[in-house]
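Some notes on the structure that comes next.
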Amino acid sequence: MPRHVLAICGSLRATSINRTLLHASQMQGLKHALNITLYDGLGDLPIFNPDNEQTPPKSVLAFRAQLSHSDAILIASPEYAHGVTGAIKNALDWVVASGEFMQMPVAAINASGRATIAQAALIETIRTMDATIIDDACVTIVLNGKNYSTDDIINDPETARLLDQALGSLRKALDESDQKRDIA
Ligand SMILES: Cc1cc2nc3c(=O)[nH]c(=O)nc-3n(C[C@H](O)[C@H](O)[C@H](O)COP(=O)(O)O)c2cc1C
């Protein structure tokens with residue numbers, strides 16, 4: 001059965017390598033019956049304000065709805081000054097209390113070999129939101145400096161292997177949680 005995955009890119013840059021990696025994931029995901037949709041509203045979310053949490057603007061409601069209709073989340077986000085990007089942290093802050101990440105299977109893929117601090121911080125934040133981090137799916141695929149296109153990622157044996165590992169692990173985790181639910 002196909003499963004629906006929402007992919008979130010933490011960079012707003014037009015030529016983001018993280019977004020290219022997520023586009024490659026969309027193609028490679030079909031092998032694992034994962035229908036991956038790229039969330040394109042990150043830049044439209046207002047700066048998080050807890051005062052507006054109960055009556056959020058439409059962009060936030062649309063984001064929450066897209067998360068609720070997904071079986072898993074895939075994130076690729078760069079490191080800025082040893083932290084996560086403001087854009088991804090802002091999006092996550094809007095859904096800490098509303099709960100869409102709770103028990104949600106999440107894979108965070110890292111497109112840079114250097115961005116270890118942000119990757120760890122991102123995973124810590126998501127874990128704190130009670131999501132289920134799929135450790136085997138949280139791979140680092142070194143793309144910085146390579147200027148790869150989506151096709152290059154799919155055709156390079158090493159990047160394709162790592163992406164396949166991430167998406168295969170995510171699919172396996174979804175299947176295992178289905179089995180547990182059937183037994184219970
Ligand atoms: C403001 C800023 C700060 C950055 N700080 C770091 C950093 O601390 N560590 C790092 O590895 N790369 C850092 N970088 C490099 C980016 O992570 C890198 O260019 C990455 O490819 C950007 O992702 P994108 O192509 O998806 O936009 C920084 C870039 C910017 C614009």
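Whatever order the structure lists ligands and atoms in, that order sets their numbers, starting from 1.
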Would you mind listing each N/O atom of ligand 1 next to any protein N/O under 3.5 Å, plus the distance?
unit_1: ligand 1; atom_1: 5 (N); unit_2: E79; atom_2: O; d: 3.4
unit_1: ligand 1; atom_1: 5 (N); unit_2: A81; atom_2: N; d: 2.8
unit_1: ligand 1; atom_1: 8 (O); unit_2: E79; atom_2: OE2; d: 3.4
unit_1: ligand 1; atom_1: 8 (O); unit_2: A81; atom_2: N; d: 3.1
unit_1: ligand 1; atom_1: 8 (O); unit_2: H82; atom_2: N; d: 2.9
unit_1: ligand 1; atom_1: 9 (N); unit_2: E79; atom_2: OE2; d: 2.8
unit_1: ligand 1; atom_1: 14 (N); unit_2: E79; atom_2: O; d: 3.3
unit_1: ligand 1; atom_1: 17 (O); unit_2: E79; atom_2: O; d: 2.9
unit_1: ligand 1; atom_1: 23 (O); unit_2: N18; atom_2: ND2; d: 3.3
unit_1: ligand 1; atom_1: 25 (O); unit_2: R13; atom_2: NE; d: 3.4
unit_1: ligand 1; atom_1: 25 (O); unit_2: R13; atom_2: NH2; d: 2.7
unit_1: ligand 1; atom_1: 25 (O); unit_2: I17; atom_2: N; d: 2.9
unit_1: ligand 1; atom_1: 26 (O); unit_2: S16; atom_2: OG; d: 2.6
unit_1: ligand 1; atom_1: 26 (O); unit_2: I17; atom_2: N; d: 3.3
unit_1: ligand 1; atom_1: 26 (O); unit_2: N18; atom_2: N; d: 3.2
unit_1: ligand 1; atom_1: 26 (O); unit_2: N18; atom_2: ND2; d: 2.7
unit_1: ligand 1; atom_1: 27 (O); unit_2: S11; atom_2: OG; d: 2.6
unit_1: ligand 1; atom_1: 27 (O); unit_2: R13; atom_2: NE; d: 2.8

What residues form a ring pair (Phe, Tyr, Trp, His ring centres under 6.0 Å) with Y148, not counting sequence neighbours?
-> none

Applying the side-chain contact (heavy atoms from CB on, under 4.5 Å) test to I141, which of I17, D156, L21 qualifies?
-> L21

K146 with D152: basic N within carboxylate O range, under 4.0 Å | no

Taking only residues two or more places apart in sequence or in another chain, which ones pass side chain to side chain contact (heavy atoms under 4.5 Å, CB included) with I117?
-> E79, H82

Would you mind checking if R19 and D40 are paired as a salt bridge, meaning a charged N to carboxylate O distance below 4.0 Å?
-> no

List in chain and number order the residues that pass side chain to side chain contact (heavy atoms under 4.5 Å, CB included) with T116, two or more places apart in sequence or in another chain; answer none if no residue qualifies.
-> none

